[in-house]
Chemist: 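Input: one structure, supplied below.
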2 protein chains.
Amino acid sequence: MPAIPARNTGAHVVYAELKRRILSLELKPGERIYEPAMATELQVSRTPLREAIRRLISENLLEQQPTGGVVVPVLDEAEISELYEVRAAVESLMARNACLKATPADLDELRGILARNAALVEFADDAMKQGMALHARIALIAGNSWAGRFHDQVSSQMERYRHYTNSTQRRRDQALAQHRALVEAIAAGDPEQAANMAFDHVMGARDAAVRAISGKNGAAS
Amino acid sequence: MPAIPARNTGAHVVYAELKRRILSLELKPGERIYEPAMATELQVSRTPLREAIRRLISENLLEQQPTGGVVVPVLDEAEISELYEVRAAVESLMARNACLKATPADLDELRGILARNAALVEFADDAMKQGMALHARIALIAGNSWAGRFHDQVSSQMERYRHYTNSTQRRRDQALAQHRALVEAIAAGDPEQAANMAFDHVMGARDAAVRAISGKNGAAS
DNA sequence: CTAAGCATACTTGTATACAACTATGCAGAG
DNA sequence: CTCTGCATAGTTGTATACAAGTATGCTTAG
């Protein structure tokens with residue numbers, strides 16, 4: 001029982017389910033959504049379904065066609081690079097702010113996450129989750145709710161590209177080292193350096209992702 | 001006649017009208033929206049109205065209350081600072097990218113905007129519009145559509161705070177000088193410097209806005 | 001055989017009716 | 001007098017019926 005009961009309306013459930021399917025690629029990019037069929041499948045009427053669809057359109061997780069009708073946006077490889085860049089900009093800001101606001105307790109927390117991260121560096125999925133945990137914690141310390149919101153949106157979008165950007169062991173080691181350096185920069189109280197480290201770290205991830213993709217394409221074609 | 005017919009459904013019209021009222025503060029912060037009354041006023045049924053409302057909630061221009069019912073979000077002065085920071089991060093990224101991609105023609109375009117801006121520096125409203133035109137052009141040159149989207153959202157939000165942040169003549173002169181320096185940094189092809197100039201420029205605007213607000217409050221209380 | 005026009009089926013957009021839920025005020029017990 | 005419980009009015013959430021628009025395939029003229 002959450003402190004705030006948190007409205008659990010049908011439209012919300014449908015929204016969550018559709019979002020899950022989109023991010024997991026269960027709903028394939030390019031696929032069109034027909035309201036009556038989907039409503040039947042999800043056991044609701046078209047009204048709450050439409051509400052969920054509209055919301056997903058706002059979040060760029062569905063696309064309205066000029067002719068009327070919605071489709072799952074196609075994956076555009078060039079977009080990955082853009083998303084990483086925006087994430088870099090936002091995380092850079094967060095690192096800067098976190099640096100200015102972090103308490104000793106916050107620093108302990110970050111180092112704790114780092115330690116857990118180090119223990120899991122060889123497992124791709126867990127390592128990624130821990131990495132996200134670190135960034136999430138920094139976001140919290142930074143205390144800029146708008147930055148947090150945009151960061152969440154970008155992260156959701158990137159989720160769809162997960163399959164393209166599988167990390168290598170080498171890349172994970174590098175990321176861990178960069179995370180360590182970032183936390184130490186925050187601890188040192190140098191906001192410029194913290195911002196730069198965060199930016200470069202994410203941009204490094206971007207480059208790795210772009211290479212991974214062009215590699216796959218190059219091999220395939 | 002636009003090349004793309006651009007679906008003009010009732011829900012879209014309602015969306016635009018509500019957004020206009022929210023941004024202009026015609027709908028006052030804290031005010032609740034009752035669907036039947038608003039639907040009658042806008043001469044549509046509740047269905048398209050609700051669709052518009054949902055979309056505005058997604059964009060954080062309306063707020064859903066836990067109990068059910070939507071209100072116009074209250075203006076929180078602390079939020080202005082957050083919004084400026086996010087804008088700084090995004091514009092900084094855009095400046096960096098624009099620097100890497102700008103063609104000679106692009107540079108001419110930017111300098112042209114600067115010239116028009118200089119001519120209007122004493123008129124607060126026009127100066128602001130020209131300033132936005134410059135940033136919009138840079139966004140276009142940067143060619144990161146996601147950054148552009150987020151930038152638009154932040155700009156919309158800031159619109160609501162316009163009344164608080166009236167610029168002074170001194171501030172406008174300073175902004176013009178910074179814009180000139182930014183364009184020259186882009187022209188010089190130094191992405192780091194361009195990014196830093198854009199960041200510092202917007203952060204300067206943030207500080208001015210924060211001072212203006214605390215000044216008003218200090219004087220009032 | 002090709003292409004234009006039309007009829008038809010289907011999809012989305014809107015209105016309205018109904019159900020579930022929330023808040024407010026009053027009555028009555030403590 | 002205060003607080004609890006309930007009745008009632010009003011609001012939001014959902015379903016369904018209808019209207020408007022879109023695409024598809026057939027028919028027919030060239």
Side-chain angles (χ1 to χ4, degrees), chain A residues 1-22 27-74, chain B residues 1-22 27-74:
Chain A
M1 49 174 181
I4 300 159
R7 215 124 224 274
N8 230 18
T9 165
H12 284 234
V13 177
V14 171
Y15 164 81
E17 173 62 13
L18 281 182
K19 180 170 177 178
R20 188 191 65 73
R21 292 193 190 183
I22 293 168
L27 278 170
K28 297 194 188 76
E31 186 171 344
R32 178 167 175 181
I33 292 183
Y34 295 91
E35 294 176 4
M38 185 60 80
T40 304
E41 185 180 338
L42 298 178
Q43 313 246 27
V44 293
S45 79
R46 280 179 57 214
T47 310
L49 171 62
R50 276 177 70 89
E51 213 154 272
I53 288 176
R54 290 326 197 215
R55 189 168 160 197
L56 289 163
I57 290 174
S58 289
E59 295 174 12
N60 295 292
L61 288 172
L62 284 177
E63 209 170 42
Q64 172 120 29
Q65 307 222 289
T67 152
V70 298
V71 298
V72 181
V74 296
Chain B
M1 49 172 179
I4 300 157
R7 212 124 228 271
N8 230 19
T9 163
H12 284 235
V13 176
V14 171
Y15 164 81
E17 173 62 13
L18 281 183
K19 181 170 177 178
R20 189 190 65 74
R21 293 193 190 183
I22 293 168
L27 278 170
K28 297 194 187 75
E31 188 172 341
R32 179 167 174 181
I33 292 182
Y34 294 93
E35 294 177 4
M38 185 60 79
T40 304
E41 185 181 338
L42 297 179
Q43 313 246 29
V44 293
S45 80
R46 279 179 58 214
T47 309
L49 171 62
R50 275 177 71 89
E51 213 154 271
I53 287 176
R54 291 323 196 212
R55 188 168 161 197
L56 288 163
I57 291 174
S58 290
E59 296 175 10
N60 296 291
L61 288 171
L62 284 177
E63 209 169 42
Q64 172 121 29
Q65 307 222 288
T67 153
V70 299
V71 297
V72 181
V74 296

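Not measured: the values here are computed from a predicted model.
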Chemist: Taking all non-hydrogen atoms of both residues, which atom of A:Val74 and which atom of A:Pro29 are closest, and how far apart?
Modeler: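 Smallest heavy-atom distance, with atoms named: CA-CB, 3.8 Å.
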Chemist: Which nucleotide wins on minimum distance to the side chain of A:Pro48, given the candidates D:dA15, D:dT22, C:dA23?
Modeler: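 In terms of side-chain proximity for A:Pro48, the closest of D:dA15, D:dT22, C:dA23 is D:dA15.
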Chemist: Starting from the 5' end of DNA chain D, give me the residue, A:Ala11 or A:Gly68, whose nearest nucleotide shows up first.
Modeler: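 It is A:Ala11 whose nearest nucleotide is closer to the 5' end.
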Chemist: Which atom names give the shortest non-hydrogen contact between A:Leu42 and A:Arg21, and what distance separates them?
Modeler: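 Looks like CD2-NH2, 3.6 Å.
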Chemist: Would you kindly give the CD-to-C1' distance between B:Gln43 and C:dT14, to the nearest whole Å?
Modeler: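 To the nearest whole Å, that distance equals 15 Å.
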Chemist: Taking only N and O in the side chain of B:Ser45, is any of them less than 4.0 Å away from OP1 or OP2 of C:dT14?
Modeler: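 It does not, given that no N or O in the side chain of B:Ser45 lies less than 4.0 Å from OP1 or OP2 of C:dT14.
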Chemist: In whole angstrom, give the distance that lies between atom CD of B:Glu35 and atom C1' of D:dG10.
Modeler: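 Roughly 12 Å, once rounded to whole Å.
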Chemist: Can you identify which nucleotide, out of D:dT12, C:dT12, C:dA23, has its nearest atom closest to the B:Tyr34 side chain?
Modeler: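 It is D:dT12.
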Chemist: What integer distance in Å separates B:Met38:CE from D:dT12:C1'?
Modeler: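 Distance check: B:Met38 CE to D:dT12 C1' gives 15 Å.
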Chemist: Out of D:dA15, C:dT16, D:dT11, which nucleotide sits closest to the side chain of A:Val44?
Modeler: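 Side chain of A:Val44 sits closest to D:dA15.
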Chemist: Just checking A:Gln65: base, sugar-phosphate only, or nothing, at a heavy-atom cut-off of under 4.0 Å?
Modeler: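 Nothing, no nucleic acid heavy atom in range.
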Chemist: Any base atoms under 4.0 Å from B:Leu49, or only sugar-phosphate, or nothing? Heavy atoms, all strands.
Modeler: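 No contact at all - B:Leu49 keeps every heavy atom at 4.0 Å or more from the nucleic acid.
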Chemist: So which nucleotide from C:dT11, D:dT22, C:dG13 ends up closest to the side chain of A:Arg54?
Modeler: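 So the nucleotide nearest the side chain must be C:dG13.
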Chemist: How far apart are the closest heavy atoms of A:Gly10 and A:Pro48, and which atoms are they?
Modeler: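 The pair with the smallest heavy-atom distance is C-CB, 4.4 Å.
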Chemist: Tell me the closest heavy-atom pair linking A:Val70 and A:Gln64, and the distance in Å.
Modeler: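 Shortest heavy-atom separation between A:Val70 and A:Gln64 comes out as CG1-CA, 4.2 Å.
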Chemist: Report which part of the nucleic acid A:Thr47 touches: base, sugar-phosphate, or nothing (heavy-atom distance under 4.0 Å, all strands).
Modeler: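 Touches a base.
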Chemist: Please work out if A:Ile53 contacts a base, only the sugar-phosphate, or nothing of the nucleic acid, heavy-atom cut-off 4.0 Å.
Modeler: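 Touches nothing.
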Chemist: Whole-Å distance between D:dG13 C1' and A:His12 NE2?
Modeler: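 The distance from NE2 of A:His12 to C1' of D:dG13 comes to 10 Å, rounded to the nearest Å.
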Chemist: Are A:Thr9 and D:dT12 close enough that a side-chain N or O sits under 4.0 Å from OP1 or OP2?
Modeler: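 A:Thr9 to D:dT12 OP1/OP2: no side-chain N or O under 4.0 Å.
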Chemist: Check this one for me: any side-chain N or O of B:Arg50 less than 4.0 Å away from OP1 or OP2 of D:dT11?
Modeler: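 Looking at the OP1 and OP2 atoms of D:dT11, neither is under 4.0 Å from any side-chain N or O of B:Arg50.
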Chemist: Does the distance from a Lys or Arg side-chain N to an Asp or Glu carboxylate O, for A:Arg55 and A:Glu51, drop under 4.0 Å?
Modeler: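 Looking at A:Glu51 together with A:Arg55, the answer is no, because their closest N to O distance does not fall below 4.0 Å.
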Chemist: Compare side-chain N and O positions of A:Arg46 against OP1 and OP2 of D:dA15 and report whether any pair is under 4.0 Å apart.
Modeler: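 For D:dA15, neither OP1 nor OP2 has a side-chain N or O of A:Arg46 closer than 4.0 Å.
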Chemist: For A:Ile33 and C:dT11, what is the distance between atoms CD1 and P respectively, to the nearest whole Å?
Modeler: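 Rounding to the nearest Å, CD1 of A:Ile33 and P of C:dT11 are 14 Å apart.
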Chemist: It should be established whether A:Gln64 places a side-chain nitrogen or oxygen under 4.0 Å from OP1 or OP2 of nucleotide C:dG13.
Modeler: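 Result: yes.
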Chemist: So, does A:Thr67 get its side chain near the phosphate of D:dA23, meaning an N or O under 4.0 Å from OP1 or OP2?
Modeler: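 For D:dA23, OP1 or OP2 has a side-chain N or O of A:Thr67 closer than 4.0 Å.
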